[in-house]
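Structure first, then comments.
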Amino acid sequence: MTADALWCTAPGQAALRPGQMGEGTHVRTLFSGISRGTERLVLSGQVPESEQDRMRAPFQEGNFPFPVKYGYAAVGVADDGALAGRNVFALFPHQTEFRLPQDALIPLPDALPPERAIMAANMETALNILWDSGAGAGDRIAVVGGGLVGLLTAYLAARLPGAEVTVIDPLPDRAAIARDLGCAFAAPDAAPGDQDVVIHTSASQAGLVLALSLAGPQATIAEASWHGAAQVALPLGGAFHSRRLRIVSTQVGSIPPDRAPRWTYRRRLSKALDLLCDARLDALISGQTAFADLPDAYPGILADPATLCHRIAY
């Protein structure tokens, strides 16, 4: 059995085509979310050959570069089984309905509306970034890049007792959102230096270079951006060594080693859903499109720097 699904078919092109339903509990999709950074790389065909296996979404169809059914932020209603009648989250692509084993479905907390739950995978990424960064109470923390993942990471960091968190982004419209989430805001040319932790989420060379310049002595720069096949040049001369700076990678595909003995992927994703139970996070939904209109709208949504989380309604 199949259902209508969004497929990336060529660079910058998408279409509705049949997608496999799978097996298990039947779910009628209510909403799905576009993860702009990763999906933009997929639509442009820029997933490096060396990373194509690791970059597969959990229930992806097709192979990189094209055609491929990609995505990992679906919220729907379970129609049968033990979860019948419950709203659930699944790491599934953009598709009208699907079936999955029950252990691949996570029930939404009662306090979390399905319209907001589409950000669960992004919140899971933000939580993992904060763990990898080593940020702690009282730290000065800069987040370079005020996209969806950057703002969610800043939101979590601002909940650390006494932390001073600044979101740095060239788009002035992000200032009000950052402040509502408990953070300061600065344009790149006014970013504060001497930071204890710098988290880079802008997916740009300029952003990572800025992140290095903001780090205090012996500080950590957590690189959370994925640059695809792009080569990034960094100024590792100058004071980089004398200040003993440390660049660490962070990627949601694995749990940090110090937490792996206790945390499972399901526990981490369930916690991400709990962390979304804050109405202030609705400000991170930057637009909505009907699923039937998605193929034509998809390239523009991904190309627009103002896009945070774009919601698809079914």
Tyr298 side chain reached by Leu302 side chain, heavy atoms, under 4.5 Å: yes
same_hphob_cluster(Tyr314, Leu108) at 4.5 Å side-chain heavy-atom cutoff: no
Summary of ring pair (Phe, Tyr, Trp, His ring centres under 6.0 Å) pairs that have at least one residue in residues 116-144, sequence neighbours excluded: Trp131-Trp263
Close side-chain approach of Ile118 and Ile285, heavy atoms under 4.5 Å: yes
Criterion side-chain contact (heavy atoms from CB on, under 4.5 Å) on His94 and Tyr70, from CA distance to verdict: CA-CA 7 Å; His94 309 289; Tyr70 195 84; over 6 Å; no
Ser286-His310 side chain donor-acceptor pair, cut-off 3.5 Å: no
Same apolar cluster (I L V M F W Y, side chains within < 4.5 Å links), Tyr72/Leu100: no
Joint cluster assignment, Leu83 & Val27, ILVMFWY side-chain distance < 4.5 Å: yes
Verify same cluster id: Leu6, Ile312 (apolar side-chain graph, 4.5 Å): yes
Closest non-hydrogen atom pair between Leu181 and Tyr155, with its separation: CD2-CD1, 4.0 Å
Sub-4.5 Å side-chain heavy-atom contact between Ile168 and Leu214: yes
Member of Val198, Thr153, Leu160 meeting the side chain to side chain contact (heavy atoms under 4.5 Å, CB included) criterion with Ile141: Leu160
side-chain contact (heavy atoms from CB on, under 4.5 Å) assessment of Thr220 paired with Ile247: CA-CA 6 Å; Thr220 295; Ile247 303 173; over 6 Å; no
Shortest non-hydrogen contact from Gly134 toward Asp139: O-OD2, 4.4 Å
Rounded distance [0.5 Å steps], CG in Asp173 versus CG in Leu171: 7.0 Å
Closest non-hydrogen atom pair, Ala57 against Gly71: CB-O, 3.7 Å
Contact check, side chains of Leu212 and His200, non-hydrogen atoms, under 4.5 Å: no
Full working for salt bridge (Lys or Arg N to Asp or Glu O under 4.0 Å) between Glu164 and Arg140: CA-CA 5 Å; Glu164 303 171 30; Arg140 290 192 293 264; 5.4 Å; no
Side-chain heavy atoms of Ile199 within contact of Val144, under 4.5 Å: no
Check: Gln60/Lys69 side-chain N/O donor and acceptor closer than 3.5 Å: no
Expected output: side-chain Arg266 to main-chain Leu105 donor-acceptor under 3.5 Å: yes
Gly193 backbone acceptor or donor facing Gln195 side chain under 3.5 Å: yes
Centroid separation Phe59 to Phe98 less than 6.0 Å: no
Arg244 atom CZ: more than 12 heavy-atom contacts under 6.0 Å: no
Greater than 12 external heavy atoms within 6.0 Å of Glu23's CD: no
Residue pair Ala154 / Cys183: nearest heavy atoms and the distance that separates them: O-SG, 3.5 Å
Donor-acceptor contact below 3.5 Å, side chain Trp7 vs main chain Pro18: yes
Atom CZ of Arg259 with >12 non-hydrogen neighbours under 6.0 angstrom: yes
Heavy-atom check, side chain of Val47 versus side chain of Val42, under 4.5 Å: yes
Separation between CG of Leu152 and CD1 of Ile129, rounded to the nearest 0.5 Å: 9.0 Å
Path from Met55 to Leu91 over hydrophobic side-chain contacts below 4.5 Å: yes
Closest non-hydrogen atom pair between Leu308 and Ala283, with its separation: CD1-O, 4.2 Å
Which atom of Gly207 lies closest to which atom of Ser202, heavy atoms considered: CA-OG, 3.5 Å
Audit row: Asp282, Arg116, salt bridge (Lys or Arg N to Asp or Glu O under 4.0 Å) steps and yes/no: CA-CA 6 Å; Asp282 287 336; Arg116 191 188 311 142; 2.8 Å; yes
Stepwise side-chain contact (heavy atoms from CB on, under 4.5 Å) check, Leu208 with Ile221: CA-CA 9 Å; Leu208 185 52; Ile221 300 97; 4.3 Å; yes
4.5 Å side-chain heavy-atom contact, Thr307 and Ile34: no
Pairing of Asp80 and Arg99 as salt bridge, 4.0 angstrom limit: yes
Test side-chain contact (heavy atoms from CB on, under 4.5 Å) applied to Leu156 and Leu275, step by step: CA-CA 9 Å; Leu156 295 180; Leu275 291 168; 4.0 Å; yes
Side-chain donor/acceptor of Glu124 to backbone N/O of Ala120, under 3.5 Å: no
Distance in Å, Met123 CE paired with Asn128 CG, rounded so as to fall on 0.5 Å steps: 13.0 Å
Heavy-atom side-chain proximity of His26 to Arg28 below 4.5 angstrom: yes
